[in-house]
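The next block holds one structure in the form of structure tokens; read it before the comments.
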Amino acid sequence: IKVESFCPRHHIYNNIRMESGIMSDKLNSISNELLNKNLKACSNEECYEVIKEYVARLEALREREDKYLQSKLGKKLYYISAEFLIGKLMSNNLINLGVYDEVRAELEAAGKELAQIEEIESEASLGNGGLGRLAACFLDSIANLGLNGDGVGLNYHLGLFRQVFENGRQKEVPDYWIGKDSWLIPTDVSYKIDFADFSVTSRMYDINVYGEKTTNKLHLFDIATVNEAIVNKSGIDFDKDDIKENLTLFLYPDDSDEKGRMLRIYQQYFMVSNGARLILDECRAKCEQLNAALTDGERKSYRNLPELAVIQINDTHPTMIIPELIRLLTENGDIDGTAISMDEAIKIVSASCAYTNHTILAEALEKWPVRYLEKCVPQLMPVIRELDKRVRERYDDSSVYIIEERDDDSRGLVHMAHIDIHYGMSVNGVAKLHTQILKNTELNNFYKLYPEKFNNKTNGITFRRWLIHCNHELADYITQLIGDGYKHDADKLKALMSYAEDTSVIEHLSDIKQNNKTALAKYLYDKQGIVINDNSIYDIQVKRLHEYKRQLLNAFSIMTIYFRIKEGKLPNWTPTTFIFGAKAAPGYARAKAIIKYINEIADLVNNDPDTKDKLKVVFISNYNVSYAEKIVVAADLSEPTSTAGLEASGTGNMKFMLNGALTLGTYDGANIEIAECAGEENEYIFGAREEDIERLKKEGYDPKKLYEANPEIKKVVDTLIDGTFDDDGAQGEGSFAELHNALINGTSWQEADHYFHIYDLPLYVET
Ligand code: 26V
């Protein structure tokens, strides 16, 4: 077996295996031992089982050997998040353990293909999009940097819904992901969690996060009484009343109805209460270990929490961990039984918690009615009121209060982000522009109070998944050219610049891209029966469907190109395949109308004899992490086209750039910093910049005027209402007419073209 590793530690593993006899205990011997047959005779399912067992054995050995166990006594990061969009784990685990090549070689020798075996694993879709995927990338990086850091979240029994299309419209289907193929490991950790009128007993499940140097954990909390049978099989509706049966059943794709919102509070409290207890228990265990060697005056206790733990709050979903920790410390006292005052508890917790903001969209900023919190978690309200009281005593600016008083039946609204900012030690945005907007506009009133708390952490992605795993050929070729140091230090990729003019290198890179394009074409055909021309340009837009991301701009541009081709104005047009992938929140009617519109466009241009060889529009269904891995490597062009100022960072943009796609995007989020790093010439930036948008808003933006003055735009936008397409008689939101009206006239609750499609369309088409 060829032993060739991505990580320099590999020879160490090899030695470990030899010493302990594992060297002979390869996949084949495991299959003989477990299944009583040799690897050759195993089905793909059985091979998967064997690989899981091999990983478990490697891990068992590694824990004993790992000198990084020592670091586990030091300060630990708890990355607490309602979402971890981890995707499939098998291949990544093999890569991170340094045995990928070895396993692939042994499988090949037995006539098996790793790619086929990967298909066995269900994807853990425990996240909506960027926020959850970022959490998963961070866990991978933390482990690979050898840092002491675990994730804390929830074990949803169903991932984000599976998307199917019916007559071009999205339908949601339940996604059961937990089976014997899952990497969940039950643990003994369990807590009693109290709600207003009942209690539940939790159980912690772990997923190992393998790094080159250490193994960390993703802790996912669950209860035993969840009833998967209450899901309406044909959709994703379920009885939202019985919390014991549904607490961890679902990851919420949106929170449109009241019961759903209430359930979300139960989920959030369940997550943070478990997390808080785990953090305090681990702190106590560490203190006890450390104290054995310390003298009286030096002994550690909960008062040293900020030295021993840092709690990173991923958006406001885990914000209740702040009042919950304060409550636990003040009610239970310190390790030695001495009391902890409210003042002290606030100080301890505030020095341990940090908050990341991921959006400035007002509708996504959480504000919970006091009435809901009193109903679900009354024990937290006195703490929240105390925190609010202290803010009011210090500041007389009502915009920074925690509880906003209201005359309605909500009994007031709790602004979750305000808790984090007043009672945490750090507030970060996720790209330079985003942080600037937080400081100067959205959170300016807070920035003025705590300038020292605000900082920027531009997002990133893990190279293990988004290059080494998803693009083996490219990773191997880069290694051939510049060595494998770039796998640990991205800056080393700069060494590739010396090949910029080397035509043989460029040709080789093009060949790799072509192979990936052909592979995607084959995958789309096998999976969805879609035929695409692998000699066409792949122009790709995959991300959640949201008006601010402006998939509609892309759709309008395709229609512009369609009409120009029909009119003979584009004789030299290069055949292009436009690939979309996007899930819409089930309650987001306009987003669903946009999906339908793009599917209608696909139907038109793919079947028109004048365009079918030049334009192909494909909307893949159920876009997820596994799909992304196949798509980003095959892209010629990536389209991060958000209205400037609204995409906090974006992370897909980085994945595409890393795999050699050009970018057609706005001056927004991390696109700006990517251009700085990867070269302005590789990003085709178009459209209004953030300051232009601000100016347009002040001047009074009139999309109707622009639309009426430009016949080409008018013709394209009017395909929403002129009978070109059929929306099956939809009425109101969800219909094409409503989309048109929202763009041109606006509604009673939103000005016309809130996301500046009409302004940017000609600039986009031109670029
Ligand atoms: C949530 C919601 C929920 C209710 C309705 C509308 C709405 C709109 C947006 C969101 C997004 C919530 C936070 C989020 O996922 N932000 C994403 O975080 C990524 C990681 O930092 C970042 O790259 C994306 O730009 C940002 O949108």
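Please read all numbers here as calculations on a predicted model, not as lab measurements. Counting convention: from 1, in listed order, for ligands and their atoms alike. Nothing fancy with the numbering, it's 1 onward along the sequence.
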Within 45 degrees of the axis of the six-membered ring of F161 and under 6.0 Å from its centre: does K583 put its NZ or CZ there? yes
Among residues at least two apart in sequence or on other chains, which ones pass salt bridge (Lys or Arg N to Asp or Glu O under 4.0 Å) with R464? D140
Give the atoms of ligand 1, by number and element, whose distance to some non-hydrogen atom of G650 is under 4.0 Å. 22 (C), 23 (O), 24 (C), 25 (O)
Would you mind running through ligand 1 and noting each atom that sits below 4.0 Å from a heavy atom of N459? 20 (C), 21 (O), 22 (C), 23 (O)
Atoms of ligand 1, numbered as shown, that sit under 4.0 Å from any heavy atom of A648: 25 (O)
With heavy-atom distances below 4.0 Å as the criterion, list the atoms of ligand 1 near E363. 6 (C)
Using the benzene-type ring in the case of Trp, are the ring centres of H418 and F446 under 6.0 Å apart? yes
Give the atoms of ligand 1, by number and element, whose distance to some non-hydrogen atom of V430 is under 4.0 Å. 21 (O)
Within this structure, what is the CG-OG distance for the pair D175 and S122, rounded to the nearest 0.5 Å? 8.0 Å
Would you say D315 and ligand 1 have an N/O pair spaced under 3.5 Å apart? no
Quick one: side chain to side chain contact (heavy atoms under 4.5 Å, CB included) partners of N440, sequence neighbours excluded? Q436
List ligand 1 atoms under 4.0 Å from Y548, heavy atoms only on the residue side. 27 (O)
Can you list the steps and then say if M320 with L373 is a side chain to side chain contact (heavy atoms under 4.5 Å, CB included)? CA-CA 10 Å; M320 281 188 268; L373 292 170; 4.1 Å; yes
With atoms numbered from 1 as shown, which atoms in ligand 1 lie under 4.0 angstrom from a non-hydrogen atom of H546? 6 (C), 8 (C)
